[in-house]
Amino acid sequence: MMDMKSVEKKWQEKWEKSRLNVFNKKNADKKLYVLEMFSYPSAANLHVGHWYNYGPTDSYARFKKMQGYEVFQPMGFDAFGLPAENYAIKTGIHPKDSTEKNIALMERQLRNMGAMFDWTAEIKTCEENYYKWTQWLFLQLYKKGLAYRKEALVNWCPGCETVLANEQVIDGKCERCGNTVLRKDMTQWFFKITDYAEELLSDLDGLDWPEKTKLMQKNWIGKSTGCEIDFECETGDTITVFTTRPDTVFGVNYVVLAPEHPLVEKLKTAHPENAKAIDAYVQYASEANDIDRLSTAREKTGVATGAYAIHPLTQKKVPIYLADYVLYSYGTGAVMAVSAHDERDYAFATKYGLPITQVIQKKGGETVLPFCEDGILVNSGEFDGLSGEDARDAISAKLAKLGKGSKKVNYRLRDWSVSRQRYWGAPIPMIHCEKCGVVPVPEKDLPVKLPYDVEFRPNGKSPLASHDGFMHCTCPECGGKATRDPDTLDTFVCSSWYYLRYADAHNEKQAWSKEVADTMLPVDVYVGGSEHACMHLLYARFITKALRDMGLVSFDEPFKRLVHQGIILGPDGNRMSKSRGNVVSPDKYIDEYGSDIFRLYLMFGFSYTEGGPWNDDGIKSIAKFIDRVERLVRKAMDDKTSGYTDIRSAEKELDYVKNYAIKSITRDVELFSFNTSVARIMEYVNALQKYDALPEKNGAFFKASLEDLVRMLAPFTPHFAEELWEICGNKDSVFTESYPIVDEQALIKAETEYAVQVNSKIKAKLMIAESATEEEIKATVCAHAEIAPLIEGKTIKKCIIVKGRLVNLIVG
RNA sequence: GCGGAUGUGGCGAAACUGGCAGACGCGCAGGUUUCAGGUUCCUGUGGGCAACCAUGCAGGUUCAAGUCCUGUCAUCCGCACCA
């Protein structure tokens with residue numbers, strides 16, 4: 001039995017020395033960029049999830065390398081972020097110190113994993129030579145008008161006196177102190193991702209991504225086509241509403257504004273008798289936290305303003321309400337309420353006793369209100385009788401003609417808020433000057449360094465705001481006194497472009513050279529968890545498109561193909577978590593069996609994209625399998641009795657199994673179907689063992705067959721295969737070999753087994769020559785001893801032959 | 001509420017465009033090796049004595065359904081008043 005630990009160490013050192021894992025630019029024409037999502041540097045050891053992401057994907061990469069691709073598989077660290085800062089607040093250990101320590105630890109473990117990472121391209125997002133370019137990226141977006149400042153609602157924890165990221169808000173409460181999180185207006189930097197909404201949506205079609213992920217992005221972007229309609233308000237102002245159902249416009253019973261709508265103030269002035277009630281409602285709505293407000297189950301609330309608006313087509317007066325079921329952030333922040341044909345309006349109207357006017361009739365059936373589907377228009381003047389689509393066209397055309405409305409497309413997607421009132425991130429490279437306003441830091445002055453000596457314990461402001469040395473600077477435009485932006489960038493900004501930096505990691509003059517980027521990118525295969533569907537994966541696509549429009553890259557999409565690994569659950573079937581106490585650590589398994597066996601088990605025991613509950617019964621069997629392979633190889637190499645040199649049926653049979661395995665593996669690895677690939681190798685090993693047990697065998701043939709086994713095994717158990725390859729008497733790395741290629745000739749058999757059915761029931765199995773014609777097959781089947789009695793005296797109505805598989809005789 | 005996925009032996013799972021359901025492995029049983037335990041190797045292993053019955057459940061299409069269609073239940077994931 002091999003000492004896996006020393007074998008792994010031996011080969012890792014050899015690979016390091018021979019630069020086996022380093023991308024060779026000379027072969028760039030054959031490049032294949034295989035990327036795993038980089039890691040957050042945690043203090044804990046690598047967990048099963050890391051192994052499950054990186055181990056099998058590395059096998060994929062190695063397989064492609066053996067197929068002749070020049071594989072680029074870099075690794076790095078997404079090193080800024082909240083956990084390090086929270087840890088610092090709790091323990092007083094500086095985020096930089098803990099992060100660097102964690103990176104060192106994690107990098108060592110990643111190296112011990114033996115994956116084919118090209119460490120020469122390693123990046124750490126918290127280092128100056130990286131975040132300098134993150135800041136540069138911000139400036140490019142700013143120049144392009146894609147970064148802007150505005151007031152926005154943020155999560156505010158009154159206990160910690162700080163802003164929280166959405167992820168830190170658990171059930172409406174602060175994850176640290178448990179206080180109820182409030183919403184607060186603050187001026188923030190945003191990236192204008194909404195400018196790209198349409199392209200982000202339409203380009204999904206061309207991506208080789210899981211359909212589920214594409215659908216999630218599609219829903220997230222949330223395109224809806226409709227119409228904006230103007231209602232004149234009694235104050236003389238115009239209330240513009242957005243609707244996807246202009247066909248229901250004759251059924252408008254009232255108009256609703258979101259409580260935050262700017263017109264509220266004016267309406268209050270116009271109707272002082274209601275001012276108190278309005279104020280109370282606005283206050284009530286602002287205090288409701290997101291969880292309550294967003295719940296569909298919540299009862300509708302609202303208040304009458306006393307004001308009215310004029311219906312643009314009927315000229316009738318309709319009352320104006322405030323209600324928080326209308327979201328200020330979507331559409332125009334105002335809706336026309338059609339009580340009969342919208343569930344929410346119906347519920348509101350019912351509660352407050354408002355009129356309900358039916359204007360749509362169900363086609364062929366009784367109309368039950370609220371009726372929200374398409375139907376035939378009634379009570380709609382000249383538009384009566386029209387149906388859904390036609391009515392929408394006709395009515396929006398009429399409104400447009402009157403200057404009272406126009407077609408409009410809205411997206412659910414909002415601009416990306418990137419300011420964080422936090423310390424451990426890339427400082428936003430902006431300067432605030434009393435005279436010149438907001439001024440970008442000149443590129444030559446980058447990076448804006450993140451100072452070390454900062455009080456990062458929360459006090460209600462960004463930690464950097466209290467650091468005088470950082471804050472005070474001179475205005476690059478007027479040279480006068482100015483201050484820096486005290487906020488840092490969301491870490492998703494760092495990870496939105498890292499795949500570009502990998503390709504040109506040591507470039508000191510640029511973030512990347514366009515030439516290099518265009519050679520190395522896009523990423524051919526990107527592997528990571530599906531939890532990033534609407535965050536990282538969307539941001540990265542947006543940034544790529546923005547960079548393309550700036551002429552900095554020449555491709556539209558960063559990740560051509562995307563694969564999500566499944567999740568390995570705890571043995572109890574739940575997500576692993578400390579609180580549940582069901583966390584399985586890979587350490588003891590690595591210690592006992594080594595990294596090859598551990599990764600092989602991960603590949604064999606689970607369906608890669610599904611994952612599933614952890615179970616360690618299987619890992620022992622993998623260790624046994626590896627032992628068996630080793631014994632088989634050693635025995636064959638020691639075997640001096642080479643026997644004879646003929647190729648008999650036994651050799652042909654072995655060759656068949658081998659080539660069947662090669663063919664299957666070649667297809668399955670491409671699909672990330674590792675469990676079936678390993679199964680085919682096991683079958684081949686079983687066949688080799690059977691052959692080995694023969695009294696006589698062709699020694700040279702057997703040795704060659706075993707060398708093929710080692711090649712086949714190499715991507716899955718790289719260290720072990722190298723050792724076997726050496727035992728076989730080879731000097732070079734097995735990874736300089738090419739993966740065995742299927743010999744189709746070996747897969748042709750003289751005879752195939754057919755299942756024979758009579759009236760669709762299996763009755764017999766028999767061997768039929770591959771060359772037989774359909775007529776011959778039919779004759780053979782009918783004459784067969786088990787079949788003949790069953791069809792005797794009956795007419796064969798039909799004979800279905802599936803070549804190489806089955807024959808179905810329909811008799812009556 | 002909306003959208004999506006999944007449901008197959010005692011267990012992890014296979015099954016490419018409808019074509020022999022359960023590959024491969026675990027476990028289990030019997031044998032073998034060993035002083036003994038582990039190990040090795042061999043054989044068997046969905047259920048039922050059988051005809052037959054079996055892919056969550058109920059229908060349907062088809063010569064043929066795990067696979068296609070309709071309905072339904074359960075679990076998981078995403079979104080959640082988006083007008």
Side-chain angles (χ1 to χ4, degrees), chain A residues 1 210-220 222-224 226-227 241-245 248 256 258 290-291 293-298 300 323-327 329-338 341-345 347-348 372 410-414 530-531 533-534 567 569 573-575 601 604-607 609-610 612-622 624-625 627-628 631 664 667-668 671 673 675-683 685-686 689 693 753-765 797-811:
Chain A
M1 195 171 162
E211 287 304 321
K212 183 188 160 199
T213 308
K214 290 204 260 183
L215 190 66
M216 274 168 73
Q217 286 207 355
K218 190 183 162 190
N219 292 339
W220 191 260
K223 179 178 182 173
S224 65
C227 192
V241 303
F242 174 71
T243 179
T244 55
R245 294 294 302 275
T248 64
V256 198
D290 276 5
I291 299 298
R293 177 147 183 196
L294 293 177
S295 164
T296 43
R298 186 177 179 229
K300 304 271 174 293
D324 67 0
Y325 77 87
V326 173
L327 305 176
S329 54
Y330 182 77
T332 60
V335 304
M336 59 180 216
V338 183
H341 306 294
D342 181 280
E343 280 181 26
R344 297 149 300 183
D345 300 340
F348 191 82
C372 308
N410 265 325
Y411 299 91
R412 208 192 73 112
L413 183 69
R414 317 249 185 96
S530 59
E531 67 274 15
C534 297
I567 298 168
L569 305 168
N574 290 306
R575 260 175 193 270
Y601 171 60
F604 181 65
F606 303 86
S607 163
T609 52
E610 298 289 319
W614 173 263
N615 166 336
D616 50 20
D617 289 342
I619 194 161
K620 285 190 206 89
S621 73
I622 292 291
K624 275 197 233 170
F625 169 72
D627 271 353
R628 204 155 81 227
R631 277 199 303 276
S664 305
R667 182 194 60 214
D668 291 353
L671 301 170
S673 177
N675 52 352
T676 53
S677 301
V678 177
R680 298 292 89 79
I681 290 180
M682 287 174 167
E683 281 169 357
V685 169
N686 290 343
Q689 224 164 356
E753 189 188 65
Y754 276 70
V756 182
Q757 300 179 327
V758 176
N759 287 342
S760 305
K761 301 262 185 213
I762 302 261
K763 294 295 177 188
K765 293 185 181 182
K797 289 188 196 154
K798 213 169 168 185
C799 174
I800 295 144
I801 297 174
V802 181
K803 197 80 171 127
R805 288 189 174 270
L806 67 66
V807 178
N808 190 2
L809 296 170
I810 309 302
V811 300

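Chain letters run A, B, ... following the sequence lines, proteins first and then strands; every chain starts at 1.
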Sorted by chain and residue number, the salt bridge (charged side-chain N to carboxylate O under 4.0 Å, His left out) partners of Arg245(A) (sequence neighbours excluded) come out as Asp247(A), Asp374(A)
Under a cut-off of 3.5 Å for both distances of each Watson-Crick or G-U pair, what dot-bracket string does RNA chain B give, using [ ] for crossing pairs and | for inter-strand pairs?
(((((((..(((......[....)))(((((.........)))))((....))..(((((..]....))))))))))))....
Tyr754(A) side chain to Lys765(A) backbone, donor-acceptor under 3.5 Å
no
Whole Å only: how far is the CZ atom of Arg412(A) from the P atom of C79(B)?
8 Å
Partner set under salt bridge (charged side-chain N to carboxylate O under 4.0 Å, His left out) for Asp668(A), not counting sequence neighbours
none
In whole Å, measure the gap between the P atoms of G10(B) and G48(B) for me.
10 Å
Tell me what Asn686(A) touches on the nucleic acid: a base, only sugar-phosphate, or nothing, going by heavy atoms under 4.0 Å.
sugar-phosphate
What is the nucleic acid contact for Lys797(A), judged by heavy atoms within less than 4.0 Å: base, sugar-phosphate only, or nothing?
nothing
Could you walk me through whether Tyr601(A) and Phe625(A) pass the side-chain contact (heavy atoms from CB on, under 4.5 Å) check?
CA-CA 11 Å; Tyr601(A) 171 60; Phe625(A) 169 72; over 6 Å; no
How would you summarise protein contacts on nucleotides 9-15 of chain B per nucleotide, using B for base, S for sugar-phosphate only and - for none, with heavy-atom distances below 4.0 Å?
--SBSS-
Report all interatomic pairs (protein N or O, nucleotide N or O of nucleotides 61-63 of chain B) with separations under 3.5 Å.
from, atom 1, to, atom 2, distance (Å)
C63(B), O2', Ser760(A), OG, 2.2
C63(B), O2, Asn808(A), ND2, 2.7

Set of side chain to side chain contact (heavy atoms under 4.5 Å, CB included) partners for Arg414(A), sequence neighbours left out
Ser329(A)
Could you check whether any side-chain heavy atom of Ile622(A) comes within less than 4.5 Å of a side-chain heavy atom of Met682(A), counting everything from C-beta outward?
yes
If the cut-off is 4.0 Å, is Arg631(A) near the phosphate of C41(B), judged by side-chain N/O to OP1 or OP2?
yes
I'd like the C1' distance from U34(B) over to C41(B), given in whole Å.
13 Å
Counting primed atoms plus P, OP1 and OP2 as sugar-phosphate and everything else as base, spell out the protein contacts along nucleotides 44-50 of chain B at 4.0 Å heavy-atom distance: B, S or - for each nucleotide, 5' to 3'.
-------
Side chain to side chain donor-acceptor pair (under 3.5 Å) partners of Ser224(A), counting only residues at least two apart:
Tyr330(A)
Syn/anti state of G56(B) by chi, 90° boundary around 0:
anti
Verify the contact: side-chain N or O of Tyr330(A) to OP1 or OP2 of A83(B), cut-off strictly under 4.0 Å; return yes or no.
yes
Can you find a donor-acceptor pair, distance only, under 3.5 Å between Gln689(A) side chain and C41(B) base?
no
Asn675(A) meets the side chain to side chain contact (heavy atoms under 4.5 Å, CB included) criterion, sequence neighbours left out, with Ser607(A), Ser673(A)
Which atoms of nucleotides 74-78 of chain B (N or O only) lie under 3.5 Å from a protein N or O atom, and what are those distances?
none

A80(B) versus C69(B) - spacing of their P atoms, nearest Å
30 Å
Quick one: list whatever passes side chain to side chain contact (heavy atoms under 4.5 Å, CB included) with Arg631(A), sequence neighbours left out.
Asp627(A), Arg628(A)
For C73(B) and C63(B), measure between their P atoms and round to the nearest Å.
32 Å
Salt bridge (charged side-chain N to carboxylate O under 4.0 Å, His left out) partners for Lys223(A), two or more places apart
Glu198(A)
So does Val811(A) get a backbone contact from the side chain of Asn759(A), meaning a donor-acceptor N/O pair under 3.5 Å?
yes
